[in-house]
Asker: 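Please read through the structure below; I'll follow up with questions.
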Amino acid sequence: MRLPIPQQLMASCRHAPDRIAWLEQLPGLVAEILYHWALTLDEATVYDGTCAWVAPVLRHDGSRAVLKLGMPHMEAEHEVQGLRCWDGNLTVRLFEADDAAGAMLIERCVPGTMLREIPEAEQDIIIAALLRRLWRVVLSPHRFRPLSAMVEYWMAETRADESRWTDAGLVQAGLGAFAELIQPGRDVRLLATDLHAGNVLRAEREPWLVIDPKPFVGDPAYDATQHLFNCPARMRADPMGTIQRFADLLEVDPDRVRQWTFARAAAEPAGDWGAPQRLELARRLKL
């Protein structure tokens, strides 16, 4: 079958051999999943995405759903387990899953408007309320990785890219902050880690539902950072004030949020925001 592939997804796969191989196999995987789960594509287009192929589908009974196949991605490895654990409590419901194929059949949000369509000050309130309800204690044994696993993965990537550092002192300070922040002994909860206004959709059975959780177990203060990094204008204008407001809404230590935000800005492998802006933010947050 001829499968439309979003440009952003192709860009995400372009430089990683395992992702290139996954992309080559994707048309066959989608066809197989459609057959086995008795699905039909509901529209000719697919949703934009950077880490997964996502499309609206109809189930055998005519009900609407969304088919999602994730590319090889360390951070999203336990998304299925997270959706099972939250079981539709503020997240989209999981109808079917094929762990080996990285395939999920999930609830379709209607009307599906992104939370980012409303003012950021209102986003703060909604995201804080969602996070406080999503955080939960998970009893051992469980399959979720500690937050330290993701942070150590980032740290290794950053150290491997040392030749491109433009402010070695700042990056080293960020790595040091990461090392301190992941020490055990603090309150730990099941985190979403990727909750921002683009991953919250307006729905029918709840006013807003969370999509794309990337569950890890760790410090709740970390979960503030993804939303903050998706508010770049406010973070450039008043980083400390923005952090304080959101931390207060979350009822977490604002200094802990500042430390996590500093560490990510200084030493996380460079992402969409771009290194110059990230390093400038890190300088302003460094005490």
Side-chain angles (χ1 to χ4, degrees), residues 73-77 124 127-128 131-132 134-135 144-196 213-287:
H73 185 17
M74 179 269 185
E75 295 170 29
E77 186 176 321
D124 293 349
I127 289 179
L131 283 172
R132 289 200 311 270
L134 287 170
W135 293 334
F144 300 113
R145 296 162 294 175
L147 182 60
S148 60
M150 180 167 67
V151 172
E152 288 167 352
Y153 183 86
W154 287 345
M155 293 169 71
E157 283 194 337
T158 296
R159 290 189 179 108
D161 209 21
E162 184 175 0
S163 63
R164 297 177 58 197
W165 296 357
T166 58
D167 188 332
L170 195 64
V171 177
Q172 290 287 9
L175 291 170
F178 268 148
E180 288 292 325
L181 287 162
I182 61 176
Q183 292 302 308
R186 299 186 66 89
D187 178 36
V188 296
R189 301 295 173 92
L190 181 61
L191 310 178
T193 76
D194 193 23
L195 187 53
H196 57 82
K214 296 177 174 61
F216 287 82
V217 175
D219 178 7
Y222 172 87
D223 250 356
T225 61
Q226 199 70 1
H227 174 56
L228 292 171
F229 276 110
N230 278 270
C231 301
R234 282 196 298 162
M235 289 295 284
R236 283 194 294 267
D238 181 16
M240 296 300 293
T242 304
I243 287 171
Q244 180 72 56
R245 167 185 163 79
F246 194 46
D248 288 347
L249 289 167
L250 285 169
E251 301 176 2
V252 297
D253 180 358
D255 190 59
R256 191 79 178 173
V257 176
R258 178 197 63 79
Q259 292 175 57
W260 275 116
T261 309
F262 163 72
R264 290 193 63 183
E268 183 182 319
D272 294 338
W273 220 14
Q277 296 92 333
R278 289 157 58 95
L279 293 180
E280 179 57 30
L281 175 63
R283 294 184 186 103
R284 296 180 68 183
L285 295 176
K286 187 175 184 292
L287 296 182

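Heavy-atom basis, side chains included; hydrogens, waters and symmetry copies ignored.
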Asker: Do any N or O atoms from the side chain of Arg245 and from the backbone of Asp124 form a donor-acceptor pair under 3.5 angstrom?
Answerer: no

Asker: Show your reasoning for whether side chain to side chain contact (heavy atoms under 4.5 Å, CB included) applies to Glu268 and Arg278.
Answerer: CA-CA 9 Å; Glu268 183 182 319; Arg278 289 157 58 95; 3.3 Å; yes

Asker: Search all heavy atoms of Leu279 against all heavy atoms of Ala266 and return the closest pair with its distance.
Answerer: CD2-O, 4.0 Å

Asker: Can you tell me how far apart CG (Leu191) and CG (Asp223) are? Round to the nearest 0.5 Å.
Answerer: 4.5 Å

Asker: Using a 4.5 Å cut-off on heavy atoms from C-beta on, say whether the side chain of Trp260 contacts that of Asp255.
Answerer: no

Asker: Measuring only between side-chain heavy atoms, which start at C-beta, is Met240 closer than 4.5 Å to Leu285?
Answerer: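 Yes; the side chains approach each other to less than 4.5 Å.
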
Asker: Would you check if Leu195 and Gln226 make a side-chain contact, meaning some heavy-atom pair closer than 4.5 Å?
Answerer: no

Asker: Check whether Arg284 reaches the backbone of Arg236 with its side chain - one donor and one acceptor, N or O, closer than 3.5 Å.
Answerer: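 Pair found, side chain donor or acceptor close to backbone of Arg236.
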
Asker: Counting C-beta onward and ignoring hydrogens, is there a side-chain heavy-atom pair between Met150 and Lys214 closer than 4.5 Å?
Answerer: no

Asker: Less than 4.5 Å apart, side chain to side chain, heavy atoms only: is that true for Arg283 and Asp167?
Answerer: yes

Asker: To check you understand the geometry: which heavy-atom pair defines the closest contact between Ala128 and Leu250, and what is its length?
Answerer: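 Where Ala128 meets Leu250 most closely, the heavy atoms are CA-CD2, 3.6 Å.
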
Asker: Between Thr158 and Ala267, is there a donor-acceptor pair closer than 3.5 Å when you use the side chain of the first and the backbone of the second?
Answerer: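 Side chain of Thr158 to backbone of Ala267, a donor-acceptor pair under 3.5 Å: yes, one is there.
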
Asker: Kindly determine whether Leu281 and Phe229 satisfy side chain to side chain contact (heavy atoms under 4.5 Å, CB included), including the steps that lead there.
Answerer: CA-CA 10 Å; Leu281 175 63; Phe229 276 110; 3.9 Å; yes

Asker: Between Trp165 (side chain) and Arg159 (backbone), is there a donor-acceptor pair under 3.5 Å?
Answerer: no

Asker: Indicate the atoms forming the closest heavy-atom contact of Thr193 with Phe216, along with that distance.
Answerer: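 Of all heavy-atom pairs spanning Thr193 and Phe216, the closest is CG2-CD1, 4.0 Å.
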
Asker: Would you say the side chain of Leu147 lies within less than 4.5 Å of the side chain of Val217, judging by non-hydrogen atoms?
Answerer: no

Asker: Any side-chain heavy atom of Val257 within less than 4.5 Å of one from Phe246?
Answerer: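 They are not in side-chain contact.
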
Asker: To the nearest 0.5 Å, how far apart are CG in Leu131 and CZ in Arg189?
Answerer: 12.5 Å

Asker: Could you give me the CA-CA distance, side-chain angles and deciding distance for Glu77 and Arg145, then say whether side chain to side chain contact (heavy atoms under 4.5 Å, CB included) is met?
Answerer: CA-CA 10 Å; Glu77 186 176 321; Arg145 296 162 294 175; 3.4 Å; yes

Asker: Trp135 and Leu190: side chain to side chain contact (heavy atoms under 4.5 Å, CB included), yes or no, with the steps?
Answerer: CA-CA 5 Å; Trp135 293 334; Leu190 181 61; over 6 Å; no

Asker: Between Arg264 and Thr225, is there a side-chain donor-acceptor contact under 3.5 Å, judged purely by atom types and distance?
Answerer: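 Side chains of Thr225 and Arg264: pair found under 3.5 Å.
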
Asker: Filter on side-chain hydrogen bond (donor to acceptor under 3.5 Å, both in side chains), then keep only pairs touching residues 171-184, sequence neighbours left out; what's left?
Answerer: none

Asker: Considering all heavy atoms of both residues, which atom of Pro254 and which atom of Ile243 are nearest to each other, and what is their separation?
Answerer: O-CG2, 3.7 Å

Asker: Report yes if the side chains of Arg256 and Asp219 come closer than 4.5 Å at any heavy-atom pair, otherwise no.
Answerer: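 Yes. Closest side-chain heavy atoms under 4.5 Å.
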
Asker: Would a distance-only check, ignoring hydrogens and angles, find a side-chain to backbone donor-acceptor pair under 3.5 Å from Arg132 to Leu249?
Answerer: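 The answer is yes, because a donor-acceptor pair under 3.5 Å joins these two groups.
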
Asker: Check Ala263 against Leu181 and note the closest heavy-atom contact, atom names and distance.
Answerer: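 Answer, listing the atom of Ala263 first, then Leu181: CB-CD1, 4.0 Å.
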
